[in-house]
Amino acid sequence: MTSARKTYIIANWKMNFTPGEASLYLHRLQDRIDHIPRDMQIILAPSVISLQSLSLQINRRQFKLAAQNFNQNDYGAYTGEVSVTQLRGFVDYAICGHSERRYKFHETDKEIGEKVAAAIRNGLTPILCIGETAIERRNHETASSIYSQLAGGLHYVSEEDISKVIIAYEPVWAISSNKGARPANPGDIKEASDLIRKHISKIYGKDTAEEISILYGGSVNKDTAGGYLSIPGIDGLLIGNASLIADSFCAIVETAKGKINER
Ligand code: PEP
């Protein structure tokens, strides 16, 4: 990892926790995690219903909030939707193209590209999730899937703005909530992150490819986090299930701090 790249530890709470439960969790986290190194960023992505209250409670010098999803339009007749324009006072980051959005809600690469653009337009850092399905992997289509998701997700991102984007490599078959999920092995992750940097290099140049942050997500827990953080080219973790338990999330944060101290 180059010294310029931060370590990101992101908790995706998905559709869990009431605002009260989310507040209690944050209280516990802020109590337990006292010092966070400057080159580390902890990001919580709660359900949209908790964002406003957590934004008032959170110590923004230590933790940041992310939206799990949003509509790509800034305003208008989109019943039931929330725009980044409405969210931007509460969050600093925005997850775009999570596989559950792609496959359960049929979001297309085009829409995801528009969401990435909307996040940047509104001053938020997009966290673009990409990753192949089990079938694509079996059919040796991992590289083409990664390329097309990157091309779609970054379609509107200029050379000037690419440094604002974080990429999360999350192979769909490794996400714990999926049937038959299994954690990815370090070799697969290294290969994917190399592919991602190669593609970024082709579009935006070698220096940008070196600078962009790439995270891994998929069945990470407190016992495996350290191994994943040791993979060259991996700058952090996006954590679903294991982030729902404060003890295990705090243990992952401590592991990440240890890795930073080893540098
Ligand atoms: C996710 O859904 O982004 C994720 C990484 O989930 P889990 O850690 O539960 O596999």
Side-chain angles (χ1 to χ4, degrees), residues 7-17 21-22 25 29 41-48 50-51 64-70 91 93-107 112 115-116 119 125-134 136-137 142 145-146 149-150 153 165-186 188-190 192-193 196 213-231 234-256:
T7 298
Y8 293 92
I9 302 294
I10 306 179
N12 177 10
W13 292 348
K14 308 191 184 185
M15 202 172 69
N16 294 291
F17 299 150
E21 290 165 342
Y25 186 119
L29 217 59
Q41 185 63 66
I42 302 176
I43 302 167
L44 306 177
S47 161
V48 69
S50 299
L51 280 175
K64 302 281 188 208
L65 291 173
Q68 295 178 11
N69 179 47
F70 52 91
V91 302
Y93 294 83
I95 296 176
C96 306
H98 189 280
S99 59
E100 285 154 16
R101 300 297 317 169
R102 291 178 189 270
Y103 301 109
K104 292 185 181 173
F105 297 94
H106 312 292
E107 275 185 16
I112 293 161
K115 289 185 184 208
V116 169
T125 300
I127 302 160
L128 172 63
C129 298
I130 58 168
E132 79 284 3
T133 62
E136 286 167 341
R137 173 156 281 263
T142 298
S145 169
I146 285 177
Q149 289 179 37
L150 269 178
V165 179
I166 295 172
I167 310 282
Y169 171 61
E170 299 206 299
V172 183
W173 46 270
I175 304 263
S176 70
S177 55
N178 291 333
K179 212 167 141 226
R182 59 184 174 83
N185 69 48
D188 294 336
I189 299 167
K190 172 81 175 68
S193 79
I196 293 167
S213 294
I214 301 178
L215 320 183
Y216 168 70
S219 296
V220 175
N221 60 40
K222 63 182 170 39
D223 301 321
T224 58
Y228 288 126
L229 288 168
S230 300
I231 301 171
I234 290 298
D235 305 304
L237 302 169
L238 177 44
I239 304 147
N241 207 29
S243 75
L244 297 178
I245 301 156
D247 278 355
S248 77
F249 188 66
C250 288
I252 293 170
V253 168
E254 288 309 317
T255 301

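Along the sequence shown, residues carry numbers from 1. Values in this document were obtained by computation on a predicted structure and should not be read as measured data. Order of appearance sets the numbers: ligands from 1, and atoms from 1 within every ligand. Reckoned from all heavy atoms, side chains included, excluding hydrogens, waters and symmetry mates.
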Flag for K115-N69: side-chain donor and acceptor within less than 3.5 Å: yes
W13-Q68 side chain donor-acceptor pair, cut-off 3.5 Å: no
N or O pair under 3.5 Å between I239 and ligand 1: no
Sub-3.5 Å N/O-N/O distance, S177 and ligand 1: no
K14 atom NZ, over 12 foreign heavy atoms within 6.0 Å: yes
Which ligand 1 atoms, with their elements, are less than 4.0 angstrom from a heavy-atom of [X]?
X    : value
S219 : 7 (P), 8 (O), 10 (O)
N241 : 7 (P), 8 (O), 9 (O)
L238 : 5 (C)

Closest protein heavy atom (residue, atom, distance) for [atom]:
atom                   : answer
atom 1 (C) of ligand 1 : H98 NE2, 3.2 Å
atom 9 (O) of ligand 1 : S176 OG, 2.5 Å
atom 8 (O) of ligand 1 : G240 N, 2.8 Å
atom 2 (O) of ligand 1 : K14 NZ, 2.5 Å
atom 5 (C) of ligand 1 : E170 OE2, 3.1 Å

A242 touching ligand 1 at heavy-atom level, < 4.0 angstrom: no
Evaluation steps, side-chain contact (heavy atoms from CB on, under 4.5 Å), between S177 and E100: CA-CA 10 Å; S177 55; E100 285 154 16; 3.4 Å; yes
Full working for side-chain contact (heavy atoms from CB on, under 4.5 Å) between N185 and D188: CA-CA 6 Å; N185 69 48; D188 294 336; 3.3 Å; yes
Heavy-atom side-chain proximity of P46 to L51 below 4.5 angstrom: yes
Pair S193-I234, side-chain contact (heavy atoms from CB on, under 4.5 Å): steps then yes or no: CA-CA 7 Å; S193 79; I234 290 298; 4.0 Å; yes
Parallel, tilted or perpendicular: rings of Y25 and F17 (30°, 60°): tilted
